[in-house]
Number of protein chains: 2
Amino acid sequence: MRVDAQRNYEHLLDTGRVVVVEQGAEASLRDVARRAGVGLGTLYRHFPSREALLEALLRESFDKLAAQAAELEAASAPADALIVWLRDFVAFSHIYRGVTEMMMAAIENTESALHASCVRLRGAGSQLLTRAQAAGAARPDMDGTDLFALVTALAWLADQPSSAARADHLFDIIASAILAPGASSDPRSESA
Amino acid sequence: MRVDAQRNYEHLLDTGRVVVVEQGAEASLRDVARRAGVGLGTLYRHFPSREALLEALLRESFDKLAAQAAELEAASAPADALIVWLRDFVAFSHIYRGVTEMMMAAIENTESALHASCVRLRGAGSQLLTRAQAAGAARPDMDGTDLFALVTALAWLADQPSSAARADHLFDIIASAILAPGASSDPRSESA
DNA sequence: ACCTGAACACCGTTCAAGT
DNA sequence: ACCTGAACACCGTTCAAGT
């Protein structure tokens, strides 16, 4: 990469972060280029799609979340590990407004630049869920895709002004469903 | 209202329905006017905002949902009434893509043309919830706003291509949390 | 009273022309 | 190699001018 290209790339990332914090995942790409002092074509050259820019902005967080899933799996009790990680997931997706919806679209779309990262996160959650299920600490009639949907819905609720203030409480309610209350004290109880 | 105005209004509603079914709640208003064979200003005269158009399109469904809440309250067991109504709510919001997000925004925004209808629905759900709680059939640490958020999240999930197919299952999971399993068999159990 | 559509200020995306 | 910005096809919203 030429030095000027490298400089532009980094400047676009920095500016992108600022603008996406301000305007959310649907931020004006024109505005990003403008504020980065760069031609519109330069932005598109470095980030061929909106998802590509977001992926670059989120890469570090994606990596952190995946690493923490592994740590939790090694160090925490199954139920705790799952819940702590889900909470981290919600906190993470709160960095940028509207990123939740994009991730939900990306996980179905192989072409999306966010696809791989979303699949990776779903996999990380899936492992924590399976472990909790094996320990009898999570309801058995769920898989990683269900978990991803539920945590994404929670992240979405945390993004909505009318429910953001009760996001923690809503988290607890859904968490109680995932943890299948009563399952450990009465292993014979199944889904209704 | 002048006869030509009346005709335009109805034509806009019919066309609006078609276009919103096609494109979702964020449909192009220009397109609606164009396909209705009407000037852009005419659309804005009859529907000063996107929400006003959606409100007109949804009015009938809003009324039906409210009426059914009353019926269920009179005729069904508390838990059944609540669950059936929540299911109807999700089905209703599935008519138009993206309407869920708009409703979530409208319930906080007194200026929105959808505000009153959303508040009414929240109230209807709230009553069903209170009744179920009084019967010991729903978890006590929730109110109508929590319920509205949860059912809206379910409606949102039903709108996302990656979770639409499992919408029923996700509904059951969240419903199980609302119904506070074990509460009736052990009234002493409280929120964790 | 009501309708029309040009006008304004924005988008995303592409691509010929420049260095 | 890389950058630029005009060009194209769209938006939402307003409002002067028409009937």
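The chains referred to below are lettered A, B, ... by the order of the sequence lines, with proteins before strands, and numbering in each begins at 1.
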Please list, one pair per line, the donor and acceptor atoms closer than 3.5 Å that link side chains of residues 94-108 of chain A to other protein atoms, with sequence neighbours excluded.
residue : atom : partner  : partner atom : Å
A/His94 : ND1  : A/Asp159 : OD1          : 3.3
A/Arg97 : NH2  : A/Glu22  : O            : 2.5

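If you measure from atom CG of A/Leu12 to atom C1' of D/dC2, you get 13 Å, rounded to the nearest angstrom. One atom, OH of A/Tyr9, and another, C1' of D/dC3, lie 18 Å apart when rounded to the nearest Å. Atom CD in B/Glu10 sits roughly 16 Å away from atom C1' in C/dC2 (whole-Å rounding). Between the P atom of D/dC3 and the CG atom of A/Asp4 lies a distance of 5 Å, rounded to the nearest Å. The interatomic distance linking A/Leu29 (CG) with D/dG5 (C1') rounds to 16 Å, in whole Å. The distance between atom CD of B/Gln6 and atom P of C/dA1, rounded to the nearest whole Å, is 16 Å. Between the P atom of C/dC10 and the CG atom of A/Asp31 lies a distance of 10 Å, rounded to the nearest Å. If you measure from atom CD of A/Glu26 to atom C1' of C/dC10, you get 16 Å, rounded to the nearest angstrom.
Both B/Arg30 and B/Ala5 lie close to DNA chain C; mapped to their nearest nucleotides by heavy-atom distance, the more 5′-ward contact belongs to B/Ala5.
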* Secondary-structure string, 5' to 3', Watson-Crick or G-U under 3.5 Å, | for another-strand partners, for DNA chain C -> ||.|||||...|||||.||
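Ionic pairing of B/Asp172 and B/Arg166 is not present here: no N-O contact between side-chain nitrogen and carboxylate oxygen is shorter than 4.0 angstrom.
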* Asked: Are B/Ser117 and B/Glu55 close enough, and set up right, to give a side-chain hydrogen bond (donor to acceptor under 3.5 Å, both in side chains), and what steps lead you there?
  -> CA-CA 8 Å; B/Ser117 295; B/Glu55 206 276 335; 3.3 Å; yes
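Listed by residue number, A/Val38, A/Gly39, A/Leu40, A/Gly41, A/Thr42, A/Arg45, A/His46 are the residues of residues 34-48 of chain A with a heavy-atom contact under 4.0 Å to DNA chain D.
Contact check for A/Glu51 versus A/Leu54: no side-chain heavy atoms found under the 4.5 Å cut-off. Put simply, the side chain of B/Met142 reaches to within 4.5 Å of the side chain of B/Leu150, judged on heavy atoms. Side-chain atoms of B/Phe47 and B/Leu57, non-hydrogen and from C-beta on, never get closer than 4.5 Å to each other. Side-chain contact between A/Phe92 and A/Leu121 is present, with at least one heavy-atom pair separated by less than 4.5 Å.
At least one donor-acceptor pair under 3.5 Å links the side chain of B/His169 to the backbone N or O of A/Asp141.
Note: A/Asp31 CG to A/Arg34 CZ = 5.0 Å, rounded to the nearest 0.5 Å.
Within the 4.0 angstrom heavy-atom criterion, no nucleotide atom of any strand lies near A/Ala33.
Set against C/dC3, D/dG12, D/dC3, the side chain of A/Asn8 has D/dC3 as its closest nucleotide.
For the pair A/Ser28 and C/dC10, the criterion of a side-chain N or O lying under 4.0 Å from OP1 or OP2 is not met.
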